[in-house]
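Residue numbers run from 1 in the order of the sequence given.
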Amino acid sequence: MNRVDRLVAIALRLQSRRVVRAEDLAAHFEISVRTIYRDLAALGEAGVPIVGEAGVGYSLMKGYHLPPVMFTAEEASALFFGEKLVEQFTDASLRKQMESALVKIRSVLPRDRQDYLDRLERSTAVLHRLSHTVPRLASEALIPLQRALAERRVLALDYQGSQRREVTQRAVEPLGLVYYADNWHLIAWCRLRRGVRDFRTDRILKLELRNESCPSRPDFSLKAYLEEQQTCDANLVMAQIRFQPETLERVRREHFWGLVEESAGATGVAVTLLTHSLEWLAGWALSFGAKAEALGPDRFRQLVAAEAQKVAAQYATLPVLPPVTIPLNNKSPRRAAHLTKVS
């Protein structure tokens with residue numbers, strides 16, 4: 001980025017935030033704080049009214065606004081891809097707002113940029129796994145949750161946990177919103193449990209945004225909390241499973257937060273995992289069928305064996321099917337036409 005582009009970017013960053021520290025600007029643009037001071041001075045000489053307060057940061061003078069800045073083709077493309085991801089990985093409340101925002105942005109783009117995005121739209125798709133869960137409040141939850149976080153307001157939830165069938169009423173103080181393991185999670189101080197808890201949004205049956213303000217929690221850091229949950233949980237148990245190589249992509253996607261080590265061998269890849277529940281992990285391992293083998297500890301192996309026996313007992317009266325072989329030189333033309341090689 002040349003200096004002129006950087007000066008424009010700094011001015012836009014100042015306009016988009018109430019106060020910005022020189023250290024934060026330096027970290028964002030990957031330059032020294034001294035260079036930031038020179039750039040701020042250059043903006044001031046160019047007529048941009050910058051207000052600085054010692055120990056606080058810099059801002060634009062109240063009432064001053066930069067003239068509209070046109071999007072480049074690359075920036076328009078980035079917004080388009082953001083829209084596609086929002087469509088697949090958020091809920092209806094955010095999708096509607098994103099669609100409305102993109103319509104406004106497209107309306108001010110030059111004709112060649114609009115045509116550029118139209119061509120991208122016709123040739124771009126984001127696919128995701130189909131969900132078999134019954135749609136509940138989560139389809140309209142993200143905007144209210146974001147509002148509660150931004151306005152620091154208490155939320156009242158009807159919540160159904162994974163281990164209990166009964167619904168509990170919770171009053172929570174929102175602290176963060178995180179996407180992992182194919183779901184959005186609300187991190188909040190739970191007044192019922194008197195501690196920070198992780199609430200999966202698809203398990204929220206009812207949500208009410210109260211007028212009550214949340215008390216300040218200056219000692220809480222979302223980043224530090226997430227790092228602690230991944231590395232320092234005293235309740236985690238270690239287990240090892242041997243997977244066939246073709247399953248590793250799914251293993252890494254679904255259990256990324258607890259994956260400790262992978263060790264490739266002649267009969268597969270031994271994966272060491274951390275888990276809160278060996279019982280849950282046993283069911284998850286069985287979902288891979290014969291492509292996963294529990295290696296340890298012994299209790300984990302026993303749990304997997306017991307669950308496998310229960311499954312086998314449900315089909316004990318059925319005759320055993322002979323092995324199926326498919327000749328490599330006799331593929332169905334109709335089916336082959338629908339196959340796409342993925343490298």
Side-chain angles (χ1 to χ4, degrees), residues 87-89 123-136 138 160-165 179-183 200 202-203 236-343:
E87 286 178 1
Q88 298 296 345
F89 297 106
S123 58
T124 305
V126 177
L127 302 179
H128 68 106
R129 292 177 296 165
L130 294 176
S131 173
H132 299 289
T133 58
V134 178
R136 297 194 290 192
Q160 187 175 50
S162 59
Q163 304 298 324
R164 298 183 177 91
R165 298 302 302 171
Y179 184 87
Y180 70 89
D182 292 336
N183 277 289
R200 251 177 57 171
D202 63 332
R203 293 177 181 154
L236 291 176
V237 181
M238 188 172 292
Q240 194 173 55
I241 307 172
R242 181 185 293 117
F243 292 98
Q244 294 306 303
E246 60 268 27
T247 67
L248 287 179
E249 183 178 351
R250 178 189 161 194
V251 171
R252 293 165 184 156
R253 182 179 68 247
E254 295 184 0
H255 217 287
F256 69 93
W257 52 268
L259 200 155
V260 176
E261 184 182 28
E262 297 178 13
S263 178
T267 57
V269 180
V271 178
T272 303
L273 301 166
L274 292 172
T275 181
H276 288 275
S277 168
L278 288 176
E279 289 78 6
W280 178 89
L281 192 66
W284 182 71
L286 281 174
S287 71
F288 290 85
K291 295 182 178 181
E293 177 190 357
L295 299 179
D298 288 342
R299 171 167 165 72
F300 178 50
R301 288 174 56 84
Q302 292 165 357
L303 287 168
V304 173
E307 288 299 312
Q309 289 169 2
K310 292 177 184 177
V311 173
Q314 293 177 334
Y315 306 98
T317 58
L318 295 175
V320 178
L321 292 174
V324 178
T325 57
I326 302 175
L328 295 178
N329 59 352
N330 190 27
K331 292 181 179 179
S332 167
R334 184 170 181 175
R335 184 180 177 189
H338 292 81
L339 297 178
T340 302
K341 184 177 179 181
V342 179
S343 58

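Of the possible polar contacts, one joining the Gln244 side chain to the Thr267 backbone as a donor-acceptor pair under 3.5 Å is found. A distance-only check finds a donor-acceptor pair linking the side chain of Arg301 to the backbone of Ala294 [under 3.5 Å].
Looking at every heavy atom in both residues, Leu286 comes nearest to Ala308 through CD1-N, 3.8 Å. When every heavy atom of Ala285 is checked against every heavy atom of Ala292, the shortest pair comes out as O-CB, 3.7 Å.
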Tell me, with the steps shown, if Leu259 and Leu273 meet side-chain contact (heavy atoms from CB on, under 4.5 Å). CA-CA 5 Å; Leu259 200 155; Leu273 301 166; 4.1 Å; yes
Show your reasoning for whether side-chain contact (heavy atoms from CB on, under 4.5 Å) applies to Arg200 and Gln160. CA-CA 9 Å; Arg200 251 177 57 171; Gln160 187 175 50; over 6 Å; no
Stepwise side-chain contact (heavy atoms from CB on, under 4.5 Å) check, Val271 with Leu248: CA-CA 9 Å; Val271 178; Leu248 287 179; 4.1 Å; yes
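We find the OG1-CD distance between Thr272 and Glu261 to be 5.0 Å, quoted to the nearest 0.5 Å. Here the CZ atom belonging to Phe300 is positioned 13.0 Å from the CE atom belonging to Met238, to the nearest 0.5 angstrom.
Sorted by first and then second residue, the side-chain hydrogen bond (donor to acceptor under 3.5 Å, both in side chains) pairs with a member in residues 282-291 read Arg250-Ser287, Glu254-Trp284; sequence neighbours excluded.
Counting heavy atoms of neighbouring residues, nucleotides and ligands inside a 6.0 Å radius, atom CD of Glu249 does not exceed 12 of them.
Remark: Glu262 engages Arg252 in a side-chain hydrogen bond (donor to acceptor under 3.5 Å, both in side chains) (not counting sequence neighbours).
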